[in-house]
Amino acid sequence: MPELPEVETVRQGLRQLVLNKKIRNVRVLYPKIINGDTDIFIETVEGLTIKEIGRRGKYLIFNFNEGTSLVSHLRMEGKYFVRQTGDEIEKHTHIIFEFTDGKQLRYNDVRKFGRMELVRTDKVNDLKGIKKLGPEPTETDFDLENFTNKLKNKNKMIKPALLDQTLVAGLGNIYADEVLWMSKINPETPARHLEKKEISILRNAIIAELAKAVKAGGTTIRSYTNAFENSGEFQFELNAYGKTGEPCSRCGTLIKKIVVAQRGTHYCPNCQKVE
DNA sequence: TTAGCTGTTCAGCT
DNA sequence: GAGCTGAACAGCTA
C-alpha cells in the first residue's frame, strides 16, 4: 500500500486515536517484524506514552517519552488498527500494543514485510533507511538545483531513479508513474538526459501530485486503509497507474504497461515519447 | 492447479 | 560507489 500520502494519512489518523496513551503491555505474535531483540523491545516499550507521531518519507515515527522512538515501515501491506482489549484478534495481526485505557493499537501485515525498530529519539536520523532519504517533496525542502545536479550523475533510467528515495523521499510505484505521466517524460529516459525544463516540470509535478494525494487521503489499490479503516480517494484521480489499455485522458492513446527495472510501469506512448 | 502478479527495501554481487 | 537481481511473504487472478 503505502507511499508517502498513505503513510501521512495513517499518521494523521493515529494522532487522533492514540496520542498521549500509555502502553500497559506489548504482545509480539510474529517477532521478525521487529528489528533487534524482541524481549528488549517489549521491556522498553511497556510503560511508555506516545507523545507525538511523525513521518519521514514512508517511515512512521512514534515518539515516546523518555527519549525513545519507534520507527515503523509498512512496506507493502502494513496497517495499524485500534481495537478494544478482548476484541477478536484478526488474521495477520503481528504486534499488539495495549494501552492503560483498554484500547489496543494493532499492527497487521498480510505479507509480513513491514519492519519496526526502537531507537533513541535523537538517533532516528542515523537509521540506515532514514539516513539515505532525500528531501521531503515540498516546495521548501525539495530544491530544484540540487535535484538537477543529482540527476545529472545518475546512470539509471528516470523511473528507478525516482523510486530509490535518495533524490526525493516518498515516491513509490504508483506516484512515480503518475508524476512521469504528468510531466510527459518517458519512464525509460536516462536520468542524466533530462533537460532543465523537464526537470523543473517534474519537480513541480512531484510536489503537486503528492500534496493532492495527501488531501485525498491516499490511494487505495488493493488493501490500503487508514487508521480509521477508510479507503483513500486518490485512485479516482490516477491517469496512468493501473490504466493499461484505457485511453490516455490527455490524448486518447491507449495506456501501455511495460516492465522497467522489474517494476510494472504504466505510461502513454504518445504523450511520453522516448526522447 | 499452477504460475505469475502485487504498492518496498535491503543484502549481495559485479 | 553505483547499479542490478533476488529475497523476505501471502493472497489474488488468469
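Lettering follows sequence order; numbering is per chain, from 1.
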- Task: Take atom C1' in B/dG4 and the same atom in C/dG6, then report the distance between them in whole Å.
- Result: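 It comes out at 16 Å once rounded to the nearest Å.
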- Item | P spacing across the pair B/dT9 / C/dC12, given as an integer number of angstrom |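 One P to the other, the span is 24 Å.
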Which whole-number value in Å describes the distance from [X] [atom1] to [N] [atom2]?
X      : N      : atom1 : atom2 : result
A/Q235 : B/dT6  : CD    : C1'   : 16 Å
A/R111 : B/dT6  : CZ    : P     : 10 Å
A/Y107 : C/dC9  : OH    : P     : 14 Å
A/L163 : B/dT9  : CG    : P     : 9 Å
A/R263 : B/dC10 : CZ    : P     : 13 Å
A/K257 : B/dC5  : NZ    : C1'   : 7 Å
A/L133 : B/dC10 : CG    : C1'   : 14 Å
A/N108 : C/dG11 : CG    : C1'   : 13 Å

Looking at [X], I'd like to know whether one of its side-chain N or O atoms comes within less than 4.0 Å of OP1 or OP2 on [N].
X      : N     : value
A/H73  : B/dT9 : yes
A/R75  : C/dC9 : no
A/K58  : B/dT8 : yes
A/H92  : C/dC9 : no
A/K32  : C/dC9 : yes
A/Y30  : C/dC9 : yes
A/K112 : C/dA8 : no

Under 4.0 Å, counting only non-hydrogen atoms across every strand here, what does [X] touch: a base, just sugar-phosphate, or nothing?
X      : value
A/Y241 : sugar-phosphate
A/Q165 : sugar-phosphate
A/G114 : nothing

- Output yes when A/R15 and A/E52 qualify as a salt bridge under the 4.0 Å nitrogen-oxygen rule, no when they do not.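 Yes, this pair counts.
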- Do A/H94 and A/D109 have side-chain N/O donor and acceptor atoms under 3.5 Å apart?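 The answer is no; no qualifying pair exists.
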- Query: Do A/E8 and A/Q12 have a side chain donor and acceptor closer than 3.5 Å?
  - Reply: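 The answer is yes; a qualifying pair exists.
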Side chain of [X]: nearest nucleotide among [options]?
X      : options               : result
A/K91  : C/dG11, B/dT9, B/dT8  : C/dG11
A/K128 : B/dC10, C/dG11, C/dC9 : B/dC10
A/K132 : B/dC10, C/dG11, C/dA8 : B/dC10

- Measure centre to centre between the rings of A/Y30 and A/Y107, then say whether the value is under 6.0 Å.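 No, too far apart.
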- Within the side chain of A/E198, is there an N or O that forms a donor-acceptor pair under 3.5 Å with the backbone of A/E195?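 Yes, A/E198 side chain to A/E195 backbone: donor-acceptor pair under 3.5 Å.
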- Item | Any N/O donor-acceptor pair, A/R115 side-chain to B/dT9 base, under 3.5 Å |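 Side chain to base: no pair present.
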- Message: Under a 3.5 Å cut-off for both contacts, is B/dA11 paired Watson-Crick or G-U wobble with anything, and if yes, with which nucleotide?
- Response: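 Result: C/dT5.
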- Message: Given A/K103, which partner from the list A/T85, A/L17, A/V18, A/V82 fulfils the side chain to side chain contact (heavy atoms under 4.5 Å, CB included) test?
- Response: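 Exactly one candidate clears the test, A/V82.
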